[in-house]
Amino acid sequence: MINVLLFAGIREKAGRDTIRCERKGITVGELKLWLAETCPELADDMKRVMIAVNEEFADDSTVLKDGDQVAVIPPVSGG
């Protein structure tokens, strides 16, 4: 299971702070597509978010494994 943590406006849109994904061997890019399908209200945000896997930033090609913790971080503004 992959534990997906949602932050800030994304958490508010989804109405929860965690989503569990049972899919295995998927990439970060595939997880973003799955999140957009699972929570359609997040679809537009998935194009702009940053992803961290186990507290390190990851790109769309990063392969996820069982037990990974993924943080979905929306864009932030300000100083």
Side-chain angles (χ1 to χ4, degrees):
M1 176 179 60
I2 298 165
N3 195 36
V4 181
L5 306 175
L6 307 175
F7 293 94
I10 292 175
R11 177 180 58 206
E12 292 173 19
K13 284 183 182 178
R16 52 188 164 170
D17 58 5
T18 304
I19 298 175
R20 293 185 175 147
C21 177
E22 299 290 339
R23 298 178 67 185
K24 298 178 182 175
I26 63 173
T27 65
V28 166
E30 291 168 332
L31 178 73
K32 288 162 66 176
L33 292 173
W34 178 82
L35 284 168
E37 292 172 5
T38 303
C39 299
E41 64 274 18
L42 303 180
D44 287 340
D45 294 305
M46 291 301 109
K47 300 171 189 166
R48 297 174 287 152
V49 296
M50 295 188 67
I51 300 290
V53 178
N54 301 326
E55 300 184 12
E56 292 190 21
F57 287 111
D59 62 25
D60 285 354
S61 65
T62 301
V63 177
L64 301 170
K65 60 185 181 302
D66 192 35
D68 279 345
Q69 182 165 285
V70 175
V72 180
I73 306 161
V76 293
S77 61

Show the atom names and distances, to 0.1 Å, of all donor-acceptor pairs under 3.5 Å that link a side chain in residues 51-64 to residues at least two apart or in another chain.
residue, atom, partner, partner atom, Å
N54, OD1, Q69, N, 2.9
N54, ND2, D68, OD1, 2.8
D59, OD1, S61, N, 3.0
D59, OD1, S61, OG, 2.7
D59, OD1, T62, N, 3.3
D59, OD1, T62, OG1, 3.4
D60, OD1, K32, NZ, 3.0
T62, OG1, D59, N, 3.4
T62, OG1, D59, O, 3.2

Spacing of CD1 belonging to I26 relative to CG belonging to L31, to within rounding of 0.5 Å: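 The CG atom of L31 is 4.5 Å from CD1 of I26, to the nearest 0.5 Å.
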- prompt: With a 4.5 Å heavy-atom cut-off, do V49 and I10 have their side chains touching?
  reply: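 V49 vs I10: side chains touch.
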- prompt: Can you check whether L5 reaches V72 side chain to side chain, under 4.5 Å on heavy atoms?
  reply: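 Not touching, per the 4.5 Å side-chain cut-off.
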field: Any residue meeting side-chain contact (heavy atoms from CB on, under 4.5 Å) with A8, in chain and number order, not counting sequence neighbours
entry: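 Expected list: P74.
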query: Is there a path from I73 to L6 through hydrophobic residues (I, L, V, M, F, W, Y) whose side chains come within less than 4.5 Å of each other?
result: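 Each belongs to a different hydrophobic cluster.
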task: Can you run down the side chain to side chain donor-acceptor pair (under 3.5 Å) pairs that involve residues 14-23, sequence neighbours left out, and say none if there aren't any?
output: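 As it turns out, there is no side chain to side chain donor-acceptor pair (under 3.5 Å) pair with a partner in residues 14-23 once direct neighbours are skipped.
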query: How would you list all residue pairs meeting side chain to side chain donor-acceptor pair (under 3.5 Å) that involve residues 1-12, not counting sequence neighbours?
result: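 Listed once each, the pairs would be none.
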task: Give me the other members of the hydrophobic cluster that L33 sits in, counting Ile, Leu, Val, Met, Phe, Trp and Tyr linked by side-chain heavy atoms under 4.5 Å, directly or via other members.
output: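 So far as hydrophobic clustering goes, L33 is joined with none.
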task: Quick one: do W34 and I19 satisfy side chain to side chain contact (heavy atoms under 4.5 Å, CB included)? Show the steps, please.
output: CA-CA 11 Å; W34 178 82; I19 298 175; 3.6 Å; yes
field: Sequence neighbours excluded, every pair satisfying salt bridge (charged side-chain N to carboxylate O under 4.0 Å, His left out) that has a member inside residues 35-50
entry: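 Sorted pair list: K13-D45, D44-K47, D45-R48.
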